[in-house]
Colleague: 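The structure follows.
The chains referred to below are lettered A, B, ... by the order of the sequence lines, with proteins before strands, and numbering in each begins at 1. Any value given below was found using the heavy atoms of this structure, including those in side chains, with hydrogens, waters and symmetry copies removed. Keep in mind that what you see is a predicted model, and the values were worked out from it rather than measured.
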2 protein chains.
Amino acid sequence: MSVTFNKRDPIYLQVMTHLKKQIVSGELKPGVEMPSRRQLANQLKINPNTVQRAYSEMEEQRLIFTEPNKPSRISEDPNVLNQLKKEWLNQAITRFVSAIDPIDMDLEDLMPMIEQELANRKKAQK
Amino acid sequence: MSVTFNKRDPIYLQVMTHLKKQIVSGELKPGVEMPSRRQLANQLKINPNTVQRAYSEMEEQRLIFTEPNKPSRISEDPNVLNQLKKEWLNQAITRFVSAIDPIDMDLEDLMPMIEQELANRKKAQK
DNA sequence: CCTAGTGTATTACCTGCTTAGTACACATGG
DNA sequence: CCATGTGTACTAAGCAGGTAATACACTAGG
């Protein structure tokens, strides 16, 4: 796992977003163990407290759960996971439409640009 | 002009985004006078310095220009304006694709949701 | 002339984020 | 039994960025 942080947003939020993305994509499956706070902090070159903040907020959102003295794990509750995907998708669309709205272009003309960008991503992935 | 600010992002950035949006949409036409720093600040219930910061950054980006002791005005340079639209569109698509990428859905299935959201916006606009 | 309105500049304050340093309870493996 | 690794909690410090208060130079209009 590697993340490139921007300077604007708080690190703990970027970590959360990164993890949520992995949950949505299925990279992080329900029930799977998360890296420990200290491990992840070491890996990302950040402070363990910052990871802790990300984790504890995700725990509040029921996305992960922690049994005493054991590594945190991804939630297995289908409701929670579906809700996450739902909100993730919803936010993506809302933001996109909000950005696209002031532009004088039809949706049909945007499609090819989106497909182009999707293709670029797959290319860069390998 | 009215804006609803979120608490996370700096106000001056939100003001910039708001103004850029208006430029992109054509609400703010080239050469038109901007509201004065104090006026806009008063209207948005924020500090004049915050507006000043937004304005001066937009001036650096050549989106507005200011003759001494006169209200700032929207740029009339077609290159600058086209560049803005280009970047705006580009960013919208990049962000959207980045958000949509981890989701296991085809573009065809997303289209109706986008159109739905677009319709909602027009409805709420009036 | 002088008041009110421009833009501009400087300074100080304040909040939030990050880091660091400890400390504690508990479980596990050697 | 003990060393190590979990999660958790608390405090302190510092840093950076955003915001606010104030003052200044200039212009236009009454």
Colleague: If only side-chain N and O atoms of Arg53(A) are considered, is one of them under 4.0 Å from the OP1 or OP2 phosphate oxygen of dC17(C)?
Modeller: yes

Colleague: Just checking Tyr55(A): base, sugar-phosphate only, or nothing, at a heavy-atom cut-off of under 4.0 Å?
Modeller: nothing

Colleague: Is any side-chain N or O of Ser36(A) closer than 4.0 Å to OP1 or OP2 of dG5(D)?
Modeller: no

Colleague: Inspect the contact between Glu33(A) and Lys70(A) and indicate whether a charged nitrogen and a carboxylate oxygen are less than 4.0 angstrom apart.
Modeller: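 Looking at Lys70(A) and Glu33(A), the cut-off is not met.
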
Colleague: Return the value, rounded to whole Å, for the distance between atom CG of Asn6(A) and atom P of dT18(C).
Modeller: 11 Å

Colleague: Counting only side-chain nitrogens and oxygens, does Tyr12(B) get under 4.0 Å of the OP1 or OP2 atom of dG18(D)?
Modeller: yes

Colleague: Got a sec: does the CG of Asn6(B) have more than 12 other heavy atoms crowding it under 6.0 Å?
Modeller: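 Yes, because the 6.0 Å sphere around CG of Asn6(B) holds more than 12 heavy atoms from other groups.
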
Colleague: Indicate yes or no: at least one non-hydrogen side-chain atom of Gln61(B) is less than 4.5 angstrom from one of Met16(B).
Modeller: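 Heavy-atom side-chain distance check passes, below 4.5 Å.
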
Colleague: Does Gln39(A) reach a base, just sugar-phosphate, or nothing at all? Heavy atoms under 4.0 Å.
Modeller: sugar-phosphate

Colleague: Where each residue is assigned the nucleotide of DNA chain D containing its nearest heavy atom, which of Arg8(A) and Asn49(A) is assigned the position nearer the 5′ end?
Modeller: Asn49(A)

Colleague: Do you know the tightest heavy-atom contact between Ala99(B) and Trp88(A)?
Modeller: O-NE1, 2.8 Å

Colleague: Answer with base, sugar-phosphate or nothing: what part of the nucleic acid does Pro68(A) contact at a heavy-atom distance below 4.0 Å?
Modeller: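 Since no nucleic acid heavy atom lies under 4.0 Å of Pro68(A), the category is nothing.
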
Colleague: May I ask you to verify whether the side chain of Arg37(A) and the base of dG5(D) hold a donor-acceptor pair under 3.5 Å?
Modeller: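 No, the side chain and the base share no sub-3.5 Å donor-acceptor pair.
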
